[in-house]
Amino acid sequence: MNLSLLAAYFAAIFLLIATPGPVVMMVANTAARFGARRALLTALGSNWASLLLIGIAALIITGLFAVDMRMLQWVSLLGCLFIARMAIVSLYEDLSSFSEAPSAPRPAGPHKRSAIVNGFLVGIANPKDIIFFVAFFPQFIAVTPSVGASLTLLTTLWVLADFAILLAYIILLSGSVLQRARRTISILSAALLLVVAVVGTGYALWGLLG
């Protein structure tokens, strides 16, 4: 096993995953609005989405699957619209209750499955990540002599790092200091989600119309 290459891969994925994006913003918003438990389920759903995208990318790398770019653009458009809807709902609820005193996170409610589904849909909303993985993984495929073993190792490390970093965000946002700014965090994360959705929608429409 090439340990130096493995260390470089781990450093790369740490920086890539830790950088705030749609999933991080969604988890932050959920943690601020509903608490750590529901945010954890959301992170689990996004983790499954990453696993699915990486699996498809692995099939492309090994030549077992061909990707249709137009289909990816349609899925990306639908995903961005879904993210926009969630962001608008969150902003509406937080801004409409802005005059009320800050409160503790709302209980997650009985529908735990929806948190996992929401996390999965946000994670899968940008299927062009498949292309990213197709371009990214080959840079580290020599970490073991076997392509299959390398893909398995790289995928496992990505999924574990993804979940661990999201868990760290959840723990941080669940701290007593940040909970005092719960509504501010919720509004900010929802606003950033909406920006991401608008940009993603424009990009997908540009690709479809072009």
Side-chain angles (χ1 to χ4, degrees), residues 1-32 35-62 76 79 83 115-116 118-175 177-178 181 185-186 188-193 195-197 199-200 203:
M1 182 182 294
N2 189 331
L3 294 180
S4 60
L5 189 61
L6 185 63
Y9 171 76
F10 189 79
I13 64 174
F14 178 84
L15 293 173
L16 287 168
I17 297 171
T19 302
V23 171
V24 171
M25 290 299 101
M26 176 62 181
V27 169
N29 183 266
T30 304
R37 186 176 181 181
R38 186 155 179 172
L40 187 61
L41 293 173
T42 303
L44 183 61
S46 70
N47 204 243
W48 288 351
S50 294
L51 186 59
L52 176 60
L53 293 175
I54 292 172
I56 296 174
L59 292 176
I60 295 173
I61 291 172
T62 55
S76 180
I83 292 176
I116 297 178
N118 285 344
F120 179 85
L121 290 175
V122 170
I124 210 75
N126 187 11
K128 290 184 180 178
D129 281 352
I130 297 171
I131 306 302
F132 166 77
F133 288 121
V134 170
F136 182 69
F137 273 23
Q139 311 300 319
F140 304 94
I141 207 72
V143 70
T144 73
S146 167
V147 173
S150 293
L151 286 173
T152 301
L153 177 61
L154 297 177
T155 299
T156 301
L157 285 177
W158 179 284
V159 171
L160 291 176
D162 186 29
F163 189 76
I165 291 171
L166 290 178
L167 180 60
Y169 272 109
I170 292 170
I171 292 173
L172 178 64
L173 291 170
S174 299
V177 174
L178 288 181
I185 294 172
S186 178
L188 180 60
S189 58
L192 290 174
L193 266 180
V195 170
V196 169
V199 173
Y203 186 78

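- The closest donor-acceptor contact from the side chain of Ser46 to the backbone of Ala43 lies under 3.5 Å.
- Atom CZ of residue Phe140 and atom CG of residue Asn2 lie 10.5 Å apart, to the nearest 0.5 angstrom.
- Scanning both residues, Gln139 and Leu5, for their nearest heavy atoms gives O-CD1, 4.0 Å.
- Counting non-hydrogen atoms of other residues, nucleotides and ligands closer than 6.0 Å to CZ of Phe10 gives a total of 12 or fewer.
- At distances below 3.5 Å, at least one donor-acceptor pair connects side-chain atoms of Tyr9 with backbone N or O atoms of Leu154.
- Between atom CG of residue Asn29 and atom CE of residue Met25 there is a gap of 9.5 Å, rounded to the nearest 0.5 Å.
- Heavy-atom minimum distance, Leu41 versus Ala115: CB-CB, 3.8 Å.
- One finds the CD1 atom of Ile165 at 12.5 Å from the CD1 atom of Ile170 (value rounded to the nearest 0.5 Å).
- A 4.5 Å side-chain heavy-atom check between Trp48 and Ile116 finds at least one atom pair inside the cut-off.
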| message | Test side-chain contact (heavy atoms from CB on, under 4.5 Å) on Asn47 and Trp158; report intermediate values, then the result. | response | CA-CA 9 Å; Asn47 204 243; Trp158 179 284; over 6 Å; no

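- Here Phe133 contributes atom CZ and Ile61 contributes atom CD1; the two are 10.0 Å apart, rounded to the nearest 0.5 Å.
- When all heavy atoms of Ile13 and Leu157 are compared, the pair lying nearest together is CD1-O, 3.8 Å.
- No side-chain heavy atom of Thr30 sits under 4.5 Å from any side-chain heavy atom of Asn118.
- A distance of 10.5 Å separates CG of Leu51 from CD1 of Ile56, quoted to the nearest 0.5 Å.
- When atom types are taken as modelled, the side chain of Ser150 and the backbone of Thr144 share a donor-acceptor pair closer than 3.5 angstrom.
- The main-chain N or O of Ile17 is never found under 3.5 Å from a side-chain atom of Asp162 such that the two would form a donor-acceptor pair.
- To the nearest 0.5 angstrom, Leu151 atom CG is 10.5 Å from Thr156 atom OG1.
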